[in-house]
Each structure stands twice: as structure tokens, then as C-alpha cells.
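Below: one structure, written as C-alpha cells.
Here the structure is a predicted model, which is why all the values come from computation and not from measurement.
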Amino acid sequence: MKIKNIMSSPVYIAAPDDTVAYVRNLMMKHKVGSILVTDGPLILGIFTKSDLKMKLFEGEAAWKRRPIDQIPVKSVMTANVITLSPNAQVFEAAKLMAEQKIDHIPIYNKEILGIVSKTDLIRYAAERGSEDSVGDAMSGKAVTVHTGHTLNHIIDEMERNSVQKVIVMDNNEKAVGIVSVKDLSANDLIDSGGKRNIRGNKKTSSKAYRFAIDVPFIAEDVMTNIIVADVSESIASAAKKIIENNVVSLPVTKNGKIAGMISKDDIIKRLAEDCEIQE
């Protein structure tokens with residue numbers, strides 16, 4: 001399969017002196033994960049959602065940060081962009097993404113024709129119908145917490161294990177939800193300082209009054225529904241679940257127990273290996 005058959009088009013571009021705020025708004029308007037920074041037909045760099053997150057949540061204090069409407073995108077973009085021709089094979093894009101750890105590859109032949117993302121490759125994997133099993137491709141480590149664990153504990157577990165999501169277990173050791181970095185960066189959590197406000201009624205001398213106490217958020221407050229893949233399930237089926245649920249990875253079960261994770265990267269790596277053999 002040639003890459004031109006799965007690439008996304010049109011490609012949205014920005015000038016090197018456009019601000020990060022402008023580029024962010026462009027991403028949001030067109031619902032895309034990357035913007036190419038160009039000078040005429042020349043690709044100078046690429047700016048992605050990952051670059052944006054790094055800029056918005058960098059470690060220094062907020063008051064020290066330069067506002068993103070004052071930062072030119074050329075100062076934070078990734079330069080030396082890898083491109084492919086439209087006649088390249090799908091496995092070449094998969095192999096490049098796996099080896100270079102990149103999320104997007106512009107398709108170029110004297111001009112910008114399109115772009116291929118990890119999502120495009122996952123969609124292709126879902127449609128391709130490979131019967132290889134999830135167990136053949138999974139490599140991720142499954143990190144678990146319990147419903148009552150605080151957000152501080154969850155963050156510590158993510159950092160200690162270098163993962164971006166944890167699986168939430170109930171008291172019967174059943175997986176009941178999932179918490180990702182995205183869940184922890186929600187505006188209501190940031191604004192509240194990681195605490196929830198609980199209100200109730202308390203009666204004294206027949207008078208009712210409202211009271212509020214601050215208590216830490218726990219896993220069950222922020223977890224989302226868990227979507228899993230079984231080790232015996234096909235990679236194509238897992239890829240379809242990733243696309244349909246707009247996630248980057250899935251917990252993998254074996255005999256009803258959590259056995260690991262399968263991610264977009266795992267599927268793309270397997271796609272590179274399989275397609276190179278067959279094509």
C-alpha cells in the first residue's frame with residue numbers, strides 16, 4: 001500500500017514568525033495534531049500537540065513564563081523534518097515513526113501533498129484486518145492504583161513507572177476505570193489545587209446550615225471508563241478500539257486479569273515488521 005492512499009490532506013501551515021497562540025488556535029479550529037512551519041515551498045519545521053503541551057506545562061512558575069502570544073513558533077518548533085514521497089510504502093512510514101519516535105511525517109514531492117500521523121497508520125491497521133494477536137504486539141507495562149488512592153499517589157506512580165496512564169482497581173481487584181495525564185490536567189483540577197469541595201447539610205438546634213470541606217481528589221473522582229483488549233484479540237480489533245475511543249493505548253487482559261498494555265507505538269512497530277515482509 002502506498003502512503004498517498006492513507007495520508008491526510010489538506011495540511012495546515014504557519015509562517016515562522018507566527019505566534020504559538022496563533023498556531024494553537026489553528027490546531028483547534030481544524031482539529032489537527034500538527035502544523036507545518038514553512039517558507040514558501042520549504043518546510044522549516046513542525047509544531048505538534050506534544051510541543052504545545054510542553055510549552056504550556058513547562059516546569060517554571062507561571063509568572064515567569066513568556067506568554068504564548070509573544071513566542072514565535074520558530075523558536076519552539078522541531079526542525080529537520082523527515083518527509084516521504086507519496087509513492088513510499090506504508091511500512092516505510094511505520095518504520096520511520098518507530099525508529100525516530102515521531103508522530104507525523106509530511107508527504108512531499110516538490111510541494112506539500114499531505115501528512116501521515118500515527119492515527120492514520122492505526123486506522124490502516126484496523127482496516128487491514130491482520131490476524132496477528134494483541135499478545136504478539138503488546139509491550140507496555142500496566143500500572144494499577146485503587147479507587148481510593150489520591151491524585152498525589154497517582155502522579156507519583158506515573159512518574160516512578162514512566163507511564164501516562166494507570167488502571168484503577170476496586171476492592172475486589174477488578175479493573176473499573178483508567179486515569180491518564182489528560183484527566184489530571186483538567187482545568188477544574190488545576191483551579192482547585194487538586195482538591196474537591198464537598199457540601200452537605202448539618203443541623204444544630206433545629207437550624208440547618210451549609211458547610212464545605214476540602215478533601216483530596218481520589219482516583220474514582222477522575223477516572224474514565226476502561227476499554228480493554230484481550231491477548232487473543234486481533235491487532236486489527238485493538239486498533240479499531242483505539243480509533244473509536246480516541247485513546248493512545250489499551251489495557252490488555254488475559255483470563256480476565258490485567259496483563260499489560262498495547263499502544264499505538266506497539267501496533268505501528270508490528271505494522272512496520274509485517275508490511276515490510278509482505279510488501
Side-chain angles (χ1 to χ4, degrees), residues 1-12 23 26-28 30-37 43 45-54 77-78 80-86 88-108 112-130 132 134 136-141 162-165 178 180-182 227 229 233-252 260-276 279:
M1 174 75 75
K2 291 184 177 180
I3 204 72
K4 64 183 179 184
N5 295 319
I6 70 164
M7 71 182 187
S8 298
S9 182
V11 179
Y12 297 96
V23 175
L26 197 61
M27 284 181 177
M28 293 173 63
H30 297 289
K31 298 179 180 179
V32 294
S34 66
I35 300 290
L36 293 185
V37 183
I43 300 175
I46 188 169
F47 187 78
T48 69
K49 282 184 178 178
S50 297
D51 298 321
L52 180 61
K53 287 177 183 177
M54 288 179 64
M77 70 184 186
T78 299
N80 302 316
V81 180
I82 297 171
T83 65
L84 282 174
S85 79
Q89 298 295 321
V90 168
F91 82 81
E92 295 180 68
K95 188 175 181 181
L96 273 175
M97 284 190 184
E99 293 177 349
Q100 301 298 322
K101 301 186 187 312
I102 54 178
D103 296 342
H104 302 81
I105 301 176
I107 308 306
Y108 188 89
I112 301 166
L113 301 174
I115 196 164
V116 170
S117 67
K118 283 184 178 178
T119 299
D120 293 319
L121 291 182
I122 298 302
R123 189 175 291 110
Y124 170 73
E127 295 170 352
R128 182 168 169 261
S130 169
D132 289 345
V134 166
D136 295 328
M138 62 180 256
S139 66
K141 178 181 180 181
S162 299
V163 297
Q164 293 196 332
K165 61 177 59 178
I178 197 160
S180 69
V181 170
K182 182 172 65 175
I227 309 295
E233 199 170 326
S234 71
I235 290 176
S237 174
K240 186 177 181 181
K241 287 180 179 179
I242 285 175
I243 293 295
E244 290 177 344
N245 294 282
N246 192 29
V247 295
V248 298
S249 61
L250 296 171
V252 178
M261 302 285 290
I262 185 165
S263 67
K264 283 185 176 181
D265 289 338
D266 294 327
I267 294 174
I268 287 170
K269 182 179 178 182
R270 189 71 181 186
L271 184 64
E273 295 168 353
D274 289 353
C275 289
E276 190 166 14
E279 299 184 23

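- Judged as a side-chain contact (heavy atoms from CB on, under 4.5 Å), and not counting sequence neighbours, the contacts of K240 are A126, E244.
- Shown here is N5, whose CG atom has more than 12 heavy atoms of other residues, nucleotides or ligands within 6.0 Å.
- Side-chain contact between L271 and R128: present, with at least one pair of heavy atoms (C-beta onward) separated by less than 4.5 Å.
- Counting only heavy atoms from C-beta outward, the side chains of I43 and I112 approach each other to under 4.5 Å.
- A salt bridge links R123 and D120; the closest N-O separation between the charged side-chain nitrogens and carboxylate oxygens is under 4.0 Å.
- Across L96 and I105, no two heavy atoms sit closer than the pair CB-CD1, 3.8 Å.
- Separating the CD1 atom in I82 from the CE atom in M97 is a distance of 10.0 Å, to the nearest 0.5 Å.
- Summarising the geometry of A272 relative to F91, their closest heavy-atom pair is O-CB, 4.0 Å, with the distance given to 0.1 Å.
- Taking the side-chain hydrogen bond (donor to acceptor under 3.5 Å, both in side chains) definition, one finds that S249 meets it with K165, sequence neighbours left out.
- Between the NZ atom in K95 and the CD atom in E273 there is a gap of 10.0 Å [rounded to 0.5 Å].
- Here the side chains of V11 and P106 are not in contact, with every heavy-atom distance at 4.5 Å or above.
- By the 6.0 Å contact criterion, NZ on K241 is enclosed, its count of non-hydrogen atoms from other residues, nucleotides or ligands being greater than 12.
- Considering L84, V90, D103, I107 in turn, I107 is the only one that fulfils the side-chain contact (heavy atoms from CB on, under 4.5 Å) rule with V116.
- Counting all heavy atoms, side chain and backbone alike, L113 lies closest to M7 at O-CE, 3.5 Å.
- Heavy atoms only, all atoms of each residue included: I115 and S34 are closest at CD1-OG, 3.4 Å.
- Annotation: side-chain contact (heavy atoms from CB on, under 4.5 Å) contacts of A229 (sequence neighbours excluded): V134, E233, A238, L250.
- Here the side chains of K2 and Q89 are in contact, with some heavy-atom distance below 4.5 Å.
- In Q164, the CD atom is not crowded: 12 or fewer heavy atoms of neighbouring residues, nucleotides or ligands sit closer than 6.0 Å.
- The nearest pair of heavy atoms linking I242 to S263 is CD1-C, 4.5 Å.
- Here the NZ-CG distance, from K264 to L121, works out to 10.0 Å after rounding to the nearest 0.5 Å.
- Atom CG in L36 sits 12.5 Å away from atom OH in Y12 (nearest 0.5 Å).
- A salt bridge does not link K101 to D265: none of the charged side-chain nitrogens sits closer than 4.0 Å to a carboxylate oxygen.
- The CD1 atom of I122 sits 8.5 Å away from the NZ atom of K118 when rounded to the nearest 0.5 Å.
- Here the closest non-hydrogen pair linking D136 and R270 is O-NH1, 3.7 Å.
- Within the 4.5 Å cutoff, the side chain of I3 has no heavy atoms near those of the E92 side chain.
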